[in-house]
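Written below as structure tokens is the structure these notes are about.
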Amino acid sequence: MSEYIQKLNDAQREAVVNFRCPSLIVAGAGSGKTRVLTCRIAYMLEQGVAPDTILALTFTNKAAAEMRERIGQLLSPQATRRIWMGTFHSLFSRILRAEADKLGYPSSYTIYDASDARNLVKQIIREMNLSDETYKPGDIAARISLAKNNLITPGAYEANASLQAEDRERRRPQFVDIYKLYVQKCRQNGAMDFDDLLLNTNILFKDFPDVLARYQAQFRYILVDEYQDTNFAQYVIIRRLAEQHSNVCVVGDDAQSIYSFRGAKIENILRFRNDFPDARIFKLEQNYRSTQTIVDAANSIIEKNTKQIRKRSFSTAEQGEKIKVIKAYTDKEEAILIAGDIASTVREKDLSYSEIAILYRTNAQSRSLEESLRGRNIPYKIYGGVSFYQRKEIKDLLAYVRLVVNPKDDEAFRRVINTPARGIGDVTVNRIAAAAAERNLSLWEAVSTLSSDDMEMKGAAGKKVTAFAGMIGELSGMRATAEAYELGLEIAVRSGIIGTYKMQQTPEAVSALENIEELINSVRAYTDEQKRIAAESGDDAQARVTLDEWLQNVALLTDMDNEKPEERNKVTMMTVHGAKGLEFEYVYVAGLEENLFPSMMSLGNEEGLEEERRLFYVALTRAKRGAVLSFAESRFKWGEMTFCRPSRFLGEIDPKFLDIQFDADDLSAPEGGNDAPVRTAYGGRGGYRKQEAGRKDYTGNARTYYSGREQSRGERSSERPAQGGFRHAAAPVREMSPVVPDSRFRSVGSRPQVEPEQRIPSAPRPAESAGAGDEFEVGMLVRHDKFGTGRVTQVEEWSGDVKITVEFDGAGRKTLLRRFAKLTPLRRG
DNA sequence: CGGACGAGGATTTTT
DNA sequence: TCCTCGTCCG
């Protein structure tokens, strides 16, 4: 038996070697889940399973790459090449690319990300003359996504009385019309959104049984990582593919299901046994990551949930330190206390900053934490915020590539036609659109084949459009011969994107250029890599990698995928969601307050609350050695000071694991009293009775948040069967309720790429006497046609012009550009 | 066209 | 608070 098998514990080994039956591997936090998965695949290969009969599905590219890497280490890198290992989206997009013609799509279809999808929805709502008050694009896009995730096509949606009733009730009777048009436009544009990759795979498998049979025959072994996060569409794909060989191995942890807002169904893992009655279940319960204290504390939280697979994680590591709980008066103080604690922890335990993470529920919390870390000169890195791929310059460049690759992509066309500005305005675009619609052409097809007269354009506009068409046409022509990298660079240059940013001297423009450079380099890296793989495996078919291919790949990437190793020795700051799958020596969880963590939005129903509890479980189990939990009594939210109560989760941790850092006066029991403080602090473990006897301070809070419902739960009822039974394809419709929350993107606390310290300050420079600058100066009295007279308070040079700030007597302060404003100097100050 | 300005909105977000 | 979006004006 291979060495790597011997090193496994019994449960792990069982889960590895029994690979010829449906298997459910319940893998608690830190239980060596990835290890088991990689060993299982390695073992399968060693047992003679052909690599291309293995389909291994993950949720992130990172997870797939890591797994491939580790299998490669166990066997050889070559051995892993032909395994179908990757994300649901990337593998099925590959299949769809091969089978596109059957669905009436071009094989070089483009992939819309969430914001592309939302923009299209928005545009449709405008076109239909609907109010974007009632039809909020974000809501509509989310509902479309929800429908697709539940395999409800527009036709099925329309035929469904209860969904229709729901929309009427919510005063959005025309939702289904938007949905229809959206699907139609995507198809016209030769585009699929993320959800389509799964939905269309299902349609392909349903409508083309021979195609399904082919893939069923091929994938004799199906493995799914993070199964608790699969949605209905993914679930059905897996079931369909598994029908023939019934050989599915799913790995996951129901306690870490935290993506229901994205359509994930915890029921999929809870009910795996019903789907595969002869499945074997392997429970990995030994935690290798954390101390006993952390594991036991986490258990004491998660056992409050009713929906779960019973298991008992245990750690054989040392008992370890208690979990520190910090109270602060304000969010600002909380941040300062955390920074201080990090500084001393790092010093005392001789840690590197990279071994520490601060986790929070919402990105908005990062700001105060950031400031306090900076105040103490603690290096940090914030994850989240505006992603690389969401940056304007990147989306612009990608839109060009999309248009060049897929001439039907009207969305790309609209984005690109006047970016950078080339004097083609709405009026012109509308004319193009009208002409195109009349002839049933895409926008690009119209522009490249019709004359200016056909589009009813006057001289200047017509010329500009012709020039644009010529440029795209030439780039498009290069596709057949040029290397992807060259073409990418050519697009960046010819489009004028690079030139425009080069002209500007702002730090933003510099960073934009760097991003563009990075993107283009990634084309080269990708093609080189693909060529290397092709060479290794002896395929000549891949001699030249096209831009199409890279584009499909890049659409499915996220920031996590270009993590740079130089981010060493920095404290990690991220949301709890972002931390799933990671581990740190010390973890700080900030903002443990009611309405924040658990989030206010989750409090309406028990299911939401249970998910928050799982989220807290995830947060806590990231810690190897120590955890620090903090809360503030007041916090700035949306510019307003709000008062907060400590999170109920604090009270749910068995107090014997806690080390309370505050308020000994009010909370502590008499000397020698063992654990009274915590009980009175949070009312955990029946402690609330005591509080009701009339303690002050926190007791009042405790009484409130241990509301009747909480108390009445009394003896926990975890034996109760899981609620909300899973419905199968027969009635997927029920899956539509409740409606998902608004899922529009936020982008608070962004700038992950540029360290604040490294930013070039853009402080206004006084205008040089170059040209017109000296005409105005601070203190001068001036007159303006509209605003009357005023005094100049600031003059600065501003990208080729002069920006003048004037305090007007009547109209207040205005900032004017010299080039435009008709300002008359009156008298020197 | 493109910047200034005010209103409104603000969980979480693997792809 | 602080960002995004729409509108208005030079």
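In what follows, every heavy atom counts, from backbone to side chain, and hydrogens, waters and symmetry copies are set aside. Order of the sequence lines sets the chain letters (A, B, ...), proteins ahead of strands, with each chain counted from 1.
If you check every strand for non-hydrogen atoms under 4.0 Å, A:G581 touches nothing. Across all strands shown, A:F636 has no heavy atoms under 4.0 Å from either base or sugar-phosphate atoms. At a threshold of 4.0 angstrom between heavy atoms, the contacts of A:D113 with the nucleic acid are absent. In this structure, A:T362 reaches the sugar-phosphate backbone alone: every heavy-atom distance under 4.0 Å involves primed, P, OP1 or OP2 atoms, never a base. Residue A:Q228 is classed as having no contact, given no heavy-atom separation below 4.0 Å to the nucleic acid. At a threshold of 4.0 angstrom between heavy atoms, the contacts of A:L91 with the nucleic acid are absent.
The CG-P distance, from A:L556 to B:dT13, rounds to 19 Å in whole Å. If you measure from atom OH of A:Y383 to atom P of B:dT13, you get 14 Å, rounded to the nearest angstrom. Remark: P of B:dG9 and NZ of A:K637 are 19 Å apart, rounded to the nearest angstrom. Across the protein-nucleic acid pair, A:I125 atom CD1 and C:dG6 atom C1' stand 16 Å apart, rounded to whole Å. As a whole-Å value, the separation of A:K136 NZ from B:dA7 P is 19 Å. For A:E370 and C:dC2, the CD to P distance is 11 Å, given to the nearest whole Å. C:dC5 atom P lies 15 Å from atom CD of A:Q123, rounded to whole Å. One interatomic measurement links the two molecules: CD of A:Q256 to C1' of B:dT12, which rounds to 16 Å at whole-angstrom precision.
Between the side chain of A:D409 and the backbone N or O of A:A191 there is no donor-acceptor pair closer than 3.5 Å.
Of the two residues contacting DNA chain B, namely A:N418 and A:M600, the nearest-nucleotide position lying further toward the 5' end is that of A:N418. Of the two residues near DNA chain B, A:L197 and A:A421, the one whose nearest nucleotide lies more 5' is A:A421.
A salt bridge links A:E66 with A:R70; the closest basic N to acidic carboxylate O contact falls under 4.0 Å. Using a 4.0 Å cut-off between a side-chain N of Lys or Arg and a carboxylate O of Asp or Glu, A:R635 and A:E593 qualify as a salt bridge. A:D229 has no carboxylate O lying under 4.0 Å from a charged side-chain N of A:R262, or vice versa, which leaves the two without a salt bridge.
Residue A:R367 has its side chain nearest to C:dC2 when only C:dC2, B:dT11, B:dT13 are considered. With C:dC3, B:dT11, B:dT14 as the choices, the nucleotide that has an atom nearest any side-chain atom of A:S602 turns out to be B:dT11. Comparing C:dG6, B:dT11, B:dT14 against the side chain of A:S599 picks out B:dT11 as the nearest. The side chain of A:Y259 lies closest to B:dT14, out of B:dT11, C:dG6, B:dT14. With C:dG6, B:dT14, C:dC2 as the candidates, the nucleotide lying closest to the side chain of A:R126 is C:dG6.
Between A:K122 and C:dG6 there is a side-chain N or O to OP1 or OP2 distance below 4.0 Å. In this model, the phosphate group of B:dA10 is not approached by any side-chain N or O of A:N363 to a distance below 4.0 Å at OP1 or OP2.
Annotated as syn: B:dT11, whose glycosidic dihedral is within 90° of 0.
Stacking between A:F261 and B:dT13 is absent: the aromatic ring centre is not both under 5.5 angstrom from the base six-membered ring centre and within 30 degrees in plane angle.
Using atom C1' as the reference point in both C:dG6 and B:dT11, the two lie 25 Å apart (nearest Å).
Using cut-offs of 30° and 60° on the angle between ring planes, the pair A:F616 and A:F649 is parallel. Using bins of under 30°, 30° to 60° and over 60° for the plane-to-plane angle, the ring pair A:F261/A:Y259 lands in the tilted bin.
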